[in-house]
Amino acid sequence: MSASLSPLRAEIDALDAEIIDLLAKRFGVVRRVAVVKQREGLPAVLPDRVEAVKERAAALGNAQGLDPDFMRKLYETIIDEACRVEDAFFAASAADKNGAGTP
C-alpha cells in the first residue's frame with residue numbers, strides 16, 4: 001500500500017464511521033415513526049413520502065456535486081431498509097397483540 005494513501009484512507013474510514021453513526025440515528029427515528037404510524041393507523045409505506053425523500057436527496061446531493069441518480073439509488077436502499085424495519089415492528093406488535101409473545 002502506498003504510504004501517501006494511508007492518511008486519505010484513514011480519513012475515508014473516519015467518514016464511513018460518521019455515516020454509519022448517522023444511519024443508526026436515522027433508523028432510531030424510523031422506529032419512533034413506526035410507533036406513531038401504528039398508533040394512528042397509518043400504513044408502514046407511504047409512497048408519496050418515499051418519492052419526496054428520494055427527490056429531496058437527489059436535489060441536496062446535486063447541490064453538493066453528487067450525481068442525482070446515485071442519490072436516488074442510495075436513498076432507495078436506505079428507504080427499503082426503513083420499510084423493512086417498520087414492517088418488522090408492525091409484525092412484532094401484531095404478534096404481541098395476538099398473544100404470540102406471551103408464555
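The distance from the OG atom of Ser2 to the CZ atom of Arg9 is 7.5 Å, given to the nearest 0.5 Å. Taken to the nearest 0.5 Å, the CG atom of Asn62 stands 8.5 Å off from the CZ atom of Arg72.
Applying side chain to side chain contact (heavy atoms under 4.5 Å, CB included) to Phe89 and the options Gln38, Arg84, Lys37 leaves one that passes, Gln38.
The hydrophobic cluster around Ile78 extends to Ile19, Leu23, Phe27, Val30, Val45, Val50, Val53, Leu66, Phe70, Met71, Leu74, Tyr75, Ile79, Val85, counting ILVMFWY residues whose side-chain heavy atoms fall within less than 4.5 Å of a member.
Under 4.0 Å is where a charged nitrogen must lie from a carboxylate oxygen, and between Glu76 and Lys73 no such pair does.
The shortest heavy-atom contact between Ala58 and Pro68 is CB-O, 3.7 Å. Closest approach of Ala34 and Glu86 over heavy atoms only: CB-CG, 3.9 Å.
Within the structure, salt bridge (Lys or Arg N to Asp or Glu O under 4.0 Å) contacts touching residues 24-35 (residues at least two apart or in different chains) are Asp21-Lys25.
For Asp87, there are no salt bridge (Lys or Arg N to Asp or Glu O under 4.0 Å) partners at least two apart in sequence or on another chain.
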